[in-house]
2 protein chains.
Amino acid sequence: MMTTPALPTKDRLIQSAATLFRTRGYHGVGLADLLSHAKAPKGSLYHHFPNGKSDLAMAAATWASDQMLRLIAASFDGAKTFKDGATTLCFKLAKLFDLTGWDTCPIAATLFEGPDNTEFRAHASHIYEGWIAEVHDHAERFGLPEDEAQTNAENLFVLIQGGWMLARARRDSDVLRTLPALL
Amino acid sequence: MMTTPALPTKDRLIQSAATLFRTRGYHGVGLADLLSHAKAPKGSLYHHFPNGKSDLAMAAATWASDQMLRLIAASFDGAKTFKDGATTLCFKLAKLFDLTGWDTCPIAATLFEGPDNTEFRAHASHIYEGWIAEVHDHAERFGLPEDEAQTNAENLFVLIQGGWMLARARRDSDVLRTLPALL
DNA sequence: ACAGGAATAGACCGATTGGTCCAGCGTCGA
DNA sequence: TCGACGCTGGACCAATCGGTCTATTCCTGT
């Protein structure tokens, strides 16, 4: 609920935005909600993000994406095989799901439902390909050939996105834990 | 672009709502857009849907769900095996993706990003389970044992949802056509 | 032909939306 | 000590939001 109070205003704005957009979507969050959640005045928003809400949404998406990239790295770093890494990733996500609740994928909520804006779509796609590339690299590190690494990475992405959605509908993270069986 | 003009107002409203919510999300569509797209005055909206936007969203989601159920049935009816049916479903969806463009899953866009409302969430979950149940029944019809039918149905759902999302990010329906290989 | 409900048409409303603007604040280096 | 400047605080704005209400038109059964 509370964002760490000691954080600088800009970061508080980004994190509040990430949280709120994830739960209610880009259009579902007003500046009023945003500012009161981040305990920041309107002036600060437009100081740090001259283009206002859309700038902030971009930054929030990037921030959320970085978190995800770290989670992927953490899962595959200690793993013995690709499937091991994929499995721990799914389990870590299941735990995260239980903690944060039944929210959407932060990128989808922030960028896909945002303004028609081409930039938004491009950024979302860029972020997703970043995730896939990260998994891809780990797959190659485990000795998988290039093309196999790519399809495995894409498959894992698809499973997680779809699994998260079903988990959300059911308010139950179990689906996420059964995903690795499909690889 | 144009909704069939001969359709009764109520249906025009539902279909316009389904279309617009799917592309811009529940909060992303205002009543003004909605009414001008459906070529209906405000009075008609509140006559057919006393609770306004939220009532309409529910109806639109149900309508979209029925379309999906018909698509599932059509795919499995002419199939020889479960995997055959699943494959044609994926291909039909890929074609649909190319036609409608890069929109979200209509249910997710309409109900998940909608008001916090418990009804919305419940309806979304109900619809999803309906799709899974439909696939489940076809699976059993092909002789699969109960539990296998269930996991197969859930897996297909997960693949389609995740695949659709990646296809959307890439603006390319190819992902959808590669999904059956994962069953 | 006419009564009466269903449906349409749109003026109108208060609340909220995203965004602008400027006065003040605190903290630097000179 | 004093600007200068990064940042905050919030008053203010037009536009739009979802929703209400009433007058009118359309259609149908009798």
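- A salt bridge links E154(B) and R170(A); the closest N-O separation between the charged side-chain nitrogens and carboxylate oxygens is under 4.0 Å.
- The cluster map of Ile, Leu, Val, Met, Phe, Trp and Tyr, joined by side-chain heavy atoms under 4.5 Å apart, puts V175(A) and L183(B) in the same cluster.
- A parallel orientation is assigned to the rings of H123(A) and H126(A), their planes being inclined by less than 30° (bins at 30° and 60°).
- The stretch residues 26-35 of chain B touches DNA chain D through V29(B), G30(B), L31(B), A32(B), each having a heavy atom within less than 4.0 Å of the strand.
- Between F142(A) and F82(A), the ring-plane angle classifies as perpendicular under the 30° and 60° cut-offs.
- D116(A) and R121(A) are not joined by a salt bridge, as no carboxylate oxygen comes within less than 4.0 angstrom of a charged side-chain nitrogen.
- Relative to the side chain of P41(B), the nucleotides dG10(C), dG18(D), dT8(D) differ in distance, and dG10(C) lies closest.
- The separation between D55(B) atom CG and dG18(D) atom C1' is 13 Å, rounded to whole Å.
- Taking only distance into account, the side chain of K42(A) never meets the base of dG9(D) through a donor-acceptor pair shorter than 3.5 Å.
- No hydrogens or angles were tested; on distance alone, nothing pairs the side chain of K53(A) with the base of dG19(C) as donor and acceptor under 3.5 Å.
- For Y46(B), the side-chain atoms get nearest to dG19(D) when compared with the rest of dA11(D), dT8(C), dG19(D).
- Map K10(A) and P50(B) each onto its nearest nucleotide of DNA chain D; the residue landing nearer the 5' end is K10(A).
- Going from atom NE2 of H47(A) over to atom C1' of dC25(C) covers 13 Å, rounded to whole Å.
- Per the geometry, NE2 belonging to H48(B) stands 6 Å off C1' belonging to dA7(C), to the nearest Å.
- Using a 30° and 60° split on the angle between ring planes, Y26(B) and F21(B) fall in the tilted class, from 30° to 60°.
- Atom P of nucleotide dT8(C) and atom CG of D11(B) are separated by 11 Å, given to the nearest angstrom.
- In this structure, CZ of F49(B) is placed 16 Å from P of dA6(C), rounded to the nearest angstrom.
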